[in-house]
Number of protein chains: 2
Amino acid sequence: MTAAQDTTAEDVPWGEVAPEAARKLLVAAVEAFAERGYHATTTRDIAGRAGMSPAALYIHYKTKEELLHRISRIGHDKALEVLSAASERGGSPGERLAEAVRSFVRWHAGRHDTARVVQYEIDALSEEHRAEIVELRRRSDAVVRGILRDGVESGEFDVPDVPGTTLAVLSLCIDVARWFNVRGRRSPEEVGELYADLVLRMVSARN
Amino acid sequence: MTAAQDTTAEDVPWGEVAPEAARKLLVAAVEAFAERGYHATTTRDIAGRAGMSPAALYIHYKTKEELLHRISRIGHDKALEVLSAASERGGSPGERLAEAVRSFVRWHAGRHDTARVVQYEIDALSEEHRAEIVELRRRSDAVVRGILRDGVESGEFDVPDVPGTTLAVLSLCIDVARWFNVRGRRSPEEVGELYADLVLRMVSARN
DNA sequence: CCCGAACCTGAGCAAGCGCTTAGTGCATCG
DNA sequence: CGATGCACTAAGCGCTTGCTCAGGTTCGGG
C-alpha cells in the first residue's frame, strides 16, 4: 500500500537518470571514477560493474566523456542546491554560514564518491562542458561570499579579505571529498558539525 | 668569480636528481602530470617535453610509475622539511603554528605543479610506494598535531577536537595546490599570510 | 689511436584502449 | 500471425599505450 517506490523521486540518489540501464551504468561509472580516476577507468570496467557488455554503454551515452559530464552536471547541481537551500534558511549571518558549511560538508562526506568525481575530474571534461561546470562553481562562490558580506555589514563578522576567505571556506569543504573515508571514525554529520564550528571561528568578530 | 653554479645545490628545485637528462625528464614529467594527470600523460609526451626520444626515459627510470614515485618521494620530503623547519623555529605555539601554515602554504602555492602531483596522484603509485608516502604524511600530521597540543596545554589555544582540527588545517593547506593559479591575483606569500591568520583564528582561545 | 662504457635513437611489439557494426532476442502492434 | 522497433551482445577495427632492443654516437683513459 505504500506509494513510495517511485524511481523518479528527486531524493533518490540518481533518480533523475532513466531508463534503469542508463542509471546502472552511471552509478557504476561514479564508483569506478571515484576509485581509480577517470583516465584510469576503462569503458569495459564500467560496463562490467553494471553487469552489461561494453557496447551497451554507447546506446545510452555518446562517449565516455559524456558520461562524466552527466555525472558532473547532476552532482554540481545537487551540491549547489544543498548549499543554496542552507544559506536561505534564514537567521543571522552566523547561523546561515554555519548551516551552509554543515550541509555542504555533509554532502561532500556522505556522497564522497560522487563529490570526488565532481570536484577532481573537471580537467577531463571537454572545453564546453568544463565551461558549463565552472559557471555552477561561480554560483557556489557567490553564495558563500554573499553570507560573508552580510556578516561584515552587520558587524557580526570580522573578515578583512572577503574573496580570499570565501575561497578558503569552500576549499576546506571541497577537500573533504579527498580524505573522507567511510571506515573512518567520523560520520558525515560529525565532520559537518566540526567544520561549521571552525569556519565560524575563522570569521567571527571578537567582542 | 661566483662559485654559485653548483647543480647539486640543495636549494635548486630538482638539484638532487642527476644526471642532467634524468632531471630534465623528471621536470618534464612534473609539468605534464600537473597539467593533465598521471594517467592522461604518455611517456611520449614526457620525452617530447624533455626534447628526447621515448626510449630515453627507460635508461633513467625503470617504469613510468617509478618516475612518479621519485617525484612524489622528493616532493614529500621537501614539504615535510619545510613544515618541520617552521615548527621548530621557536616562539609561542601561536607563532609556531602561524609560521608552519605560512611556510607550508607558500610551498604549495609556489611549487603548485609539484604539489599537485605529490598530493593528488598517490593512488597511481604501487602499493609499496604508496605505503612509503603515507608514512611521510603521518609525520606532517604529527607536526601539526604537536603544535596544537602544546597550545592547548599552555592555554593559548582552545581546540576541543585536536585530531579533527589537525586534519582541517592540513587539508586547507594542501588544497591550495588544487586551486592556486600563477595568473591569479595573489602571490604565494600573500596566500600564506592570509591562511596563517585564518588558522590562528580557528584555534585561538578568546579572552 | 682504439677500446669500452655510458647514453641515446629509430623502429616496432604485444596489449589494451574507445568505439562501431552486424546480428539476436523480445515485447508490441496491426 | 508476421512485421516493426528497441535494447542489447559478440566480435572486432583502428589506434595508442608502456615498454624493448639492436645499433649508432660520444668521450675519457690506456
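We name chains A, B, ... by the order of the sequence lines, and we start the count at 1 in each one. Just the heavy atoms: all of them, side chains too, but no hydrogens, waters or symmetry mates, feed the values below. Note that this is a predicted model, so its numbers are computed, not measured.
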Salt-bridge criterion met for A:Arg49 and A:Glu35 (N-O under 4.0 Å):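 Yes, A:Arg49 and A:Glu35 are salt-bridged.
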
Considering only NZ, NE, NH1 and NH2 on the basic side and carboxylate oxygens on the acidic side, decide whether B:Arg138 and B:Glu135 come within less than 4.0 Å.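 Answer for the salt bridge query: yes.
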
Tabulate protein N/O versus nucleotide N/O from nucleotides 6-8 of chain C, keeping only pairs under 3.5 Å, one per line.
{"from": "C:dC8", "atom 1": "OP2", "to": "B:His60", "atom 2": "NE2", "distance (Å)": "2.6"}

Taking only residues two or more places apart in sequence or in another chain, which ones pass ring pair (Phe, Tyr, Trp, His ring centres under 6.0 Å) with [X]?
| X | value |
| --- | --- |
| A:His76 | none |
| A:Phe180 | A:His112 |
| B:Tyr120 | A:Tyr120 |

Quick one: salt bridge (Lys or Arg N to Asp or Glu O under 4.0 Å) pairs with a partner in residues 177-201 of chain A, sequence neighbours left out?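 For residues 177-201 of chain A, and leaving out neighbouring residues, the salt bridge (Lys or Arg N to Asp or Glu O under 4.0 Å) pairs sorted by first residue read A:Arg102-A:Glu193, A:Asp175-A:Arg178, A:Arg186-B:Asp161, A:Asp197-A:Arg201, A:Arg201-B:Asp158.
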
Do B:Lys64 and B:Leu68 have side-chain heavy atoms sitting under 4.5 Å apart?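 SC-SC contact between B:Lys64 and B:Leu68 ruled out.
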
Summarise protein proximity over nucleotides 11-27 of chain D in one line of letters, 5' to 3': B for base, S for sugar-phosphate only, - for none, counting protein heavy atoms closer than 4.0 Å. -B----BBBBB------

